[in-house]
2 protein chains.
Amino acid sequence: MATVSNFLNRPQLVAPNTGSRIDEAMRQLGYVPHGAARQLAAGRSRLISLVVLDLANPFFLEVARGVEDVASRNGYVVTLFNSDDSPTREQHALQAIEELRVSGLLISPVGAHSTMIGRVRADGLPTVLLDRGGSKSEGCSVAVDDHSGGVVAGEHLIAAGLRRFAFVGGSTHLQQHRARLRGLKAAMRGAGIADSDLIIVREQMSVAGGLRAGEELLARSRGPIGVFCGNDLLAMGVERAVLTAGRRVPDDFAIVGYDDLTLASTTAVPLTSIAQPMYDLGSTAARLLIDEIQSAGHQHERVQFKPQLIARDSTPATDRPGAERH
Amino acid sequence: MATVSNFLNRPQLVAPNTGSRIDEAMRQLGYVPHGAARQLAAGRSRLISLVVLDLANPFFLEVARGVEDVASRNGYVVTLFNSDDSPTREQHALQAIEELRVSGLLISPVGAHSTMIGRVRADGLPTVLLDRGGSKSEGCSVAVDDHSGGVVAGEHLIAAGLRRFAFVGGSTHLQQHRARLRGLKAAMRGAGIADSDLIIVREQMSVAGGLRAGEELLARSRGPIGVFCGNDLLAMGVERAVLTAGRRVPDDFAIVGYDDLTLASTTAVPLTSIAQPMYDLGSTAARLLIDEIQSAGHQHERVQFKPQLIARDSTPATDRPGAERH
DNA sequence: CTGAAAGCGCTTACAG
DNA sequence: CTGAAAGCGCTTACAG
């Protein structure tokens, strides 16, 4: 028994021919190690958990792909949870994760200050925050500079000649969208445009939500107006609503999305969008997490990527390519 | 210790005031049960696993949502795996699942006959096949009638006056797409149209794949042609390619997608598509699985839903509403 | 209704 | 390099 265990965990300690005998026996008996027993005895697991805000958004799927790739390359299996932006669901997931005694946690948190996450971290579980900055002292985090994304979007619209704006975002507690909105406002301020020239619409973050937001904008504005959306799904809905109403994109409604999903280029009028390194976000986070789990000399890092504007037909052409700034 | 355990697992055996003392103590100590130890001692877990063909496809996300809802309502946590249509990845997932000693498995298998799945079932793990029929003797399965979906799509295109066709699908081993293609062929035969009037294109099942397929079709056909796509992502790409080339939808290229994603109605020309009850697929499968896990008198079931045609602008109008047939 | 005891299937020092 | 022994944190009959 102990030799079998050694063979599984530290094969170099077992004589080669003993090893092959064990190997054959295991194969014949169809032996599959009991994960829970291994974990209980060894005191650690090869599990890491990923909790994501919204699996229906392709953004997080790409992130998950990045996580999964580096995890499996390092021998970890990742259990995926979808909090669906609900604090209750997040808490359920976190509880399941605590009981699983995973080795590490990757989470894109619902609220600003989750007591559960604080507790989990205090218990010593290696945790990296995803798509959300945090203070380096508390642990690693990997995010994209949302404020800068908002500035880039705003400056692009301003360079295109727009003077009135709308922001379409998810619920107010969504930090990412709040920062993007702040960025837009900063750009407006930089151009001497008053806050009163900005309409803010909150909607469920989906194509359907974007359709509703678009209808609201149609009712509240004659255009021309620059519409900055918190994600591409919303932007797709807004564009659809505008076109269905017989208004023009970009002439009446100039639209900038966020995430630059593959889908963004397949709409009737291909969308200008703010690209984020989604896969890299996930793979970098996983890399940091595994380093924290495995190496004693681990140093917390706070990684922040810069977003990039991809100009397409949903905004008027400008001279200076927006993608280059910032 | 034993009383604590009883309190956790069978509270009715513990005196109320002992119970509340335990409760308070657990809270103060921040006690979290050790899942692996529980599982090892009890010999069972509250885990079920879901292995899905392609998480990047919103279809499976909706399915997963259905699964997740009924699972959590019954106290199970579901671990989600993405095989990405790769036999290797599927096998890795299945191995991780075996080691986890989950209580049940929901899987949309990559190939036709997976030896791993056969072995898992032979080992007595309750397993229901998702989106894939199977013989009732082997276990439960929940699927949608893909052949009928192909017939409905074909008859709709024929009723719209098309006489030449194309099928755009994923790789040949994908059973679902094969059955849909067979359905299309059956409809063509029923209308006396020769197989030689059918072009078949295989592509990666994404918008990008659809773009490539669309370009190939543009090169090989002047239209009018009826294009039946294995899923909406492909259809979105095909439509985009056709419109970009300056050809008309539905006049030159009539397009039918599959899945009826929300996205299908947001393209430049809203897509006609074959709708599947995605959420119900998942929730029904989970219900059957939990029944098999929990009730001794479980009877295997083979559930098959019927798909439904949703006519939009990417196909010419017909007199008889396609959705009513079949 | 409550406590002492064995055992779930492994891993890990520890002697040989 | 290999085998006997304790122990991981629980659950489950089993006596009290």
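Labels below follow one simple rule: chain letters A, B, ... track the order of the sequence lines, proteins then strands, and each chain is numbered from 1.
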Here the distance between atom C1' of D:dC10 and atom CD of A:Gln39, to the nearest Å, is 13 Å
Using a strict 4.0 Å threshold on nitrogen-to-oxygen distance, state whether A:Arg287 and A:Asp291 make a salt bridge. no
note: A:Leu29, atom CG; C:dG9, atom P; distance rounded to Å ~ 15 Å
DNA chain D in dot-bracket form (Watson-Crick or G-U pairs under 3.5 Å, [ ] crossing, | inter-strand) is |||.||||||||.|||
Anything under 3.5 Å between a protein N or O and an N or O of nucleotides 4-6 of chain C, put it in a table, one pair a line.
none

Looking at B:Thr127, is its backbone amide N or carbonyl O close enough to the side chain of B:Arg121 to form a donor-acceptor pair, meaning the two atoms are under 3.5 Å apart? yes
Which of D:dT12, D:dC10, C:dT11 is nearest the side chain of B:Ala41? It is D:dC10
Picking from C:dG9, C:dC10, C:dG7, the nucleotide nearest the side-chain atoms of A:Leu40 would be C:dG9
Which of D:dC1, D:dT12, D:dG7 is nearest the side chain of B:Arg44? It is D:dT12
To the nearest angstrom, the CD-C1' distance between B:Glu99 and C:dT11 comes to 15 Å
(message) Between A:Thr284 and A:Asp280, do the side chains contain a donor N or O and an acceptor N or O under 3.5 Å apart?
(response) no
Hey, is the main chain of A:Leu125 close enough, under 3.5 Å, to the side chain of A:Asp123 for a donor-acceptor pair?
no
Answer yes or no: is there an ion pair linking A:Glu99 with B:Arg46, defined by an N-O contact shorter than 4.0 Å?
no
Is a side-chain N or O of A:Gln176 found less than 3.5 angstrom from the main chain of A:Asp146, in a donor-acceptor match? no
A:Glu98 atom CD is separated from D:dG9 atom C1', nearest whole Å, by 16 Å
Rounded to whole Å, the CZ-P distance (B:Arg46 to D:dT11) equals 13 Å
To the nearest angstrom, the CZ-P distance between A:Arg38 and D:dG9 comes to 18 Å
Open item on the list: With heavy-atom distances below 4.5 Å as the criterion, would you say the side chains of B:Leu289 and B:Val67 are in contact?
Closed with: no
Out of C:dT11, D:dC10, C:dC10, minimum distance to the side chain of A:His34 belongs to C:dC10
Rounded to whole Å, CD1 of A:Ile22 lies from P of C:dC10 at a distance of 13 Å
Is it true that B:Arg65 and B:Glu68 have a side-chain N and a carboxylate O under 4.0 angstrom from each other? no
In short, ring-ring contact (aromatic ring centres under 6.0 Å, His included) pairs touching residues 51-83 of chain B with sequence neighbours left out are none
In whole angstroms, the gap separating P of C:dC10 from CZ of B:Arg101 amounts to 7 Å
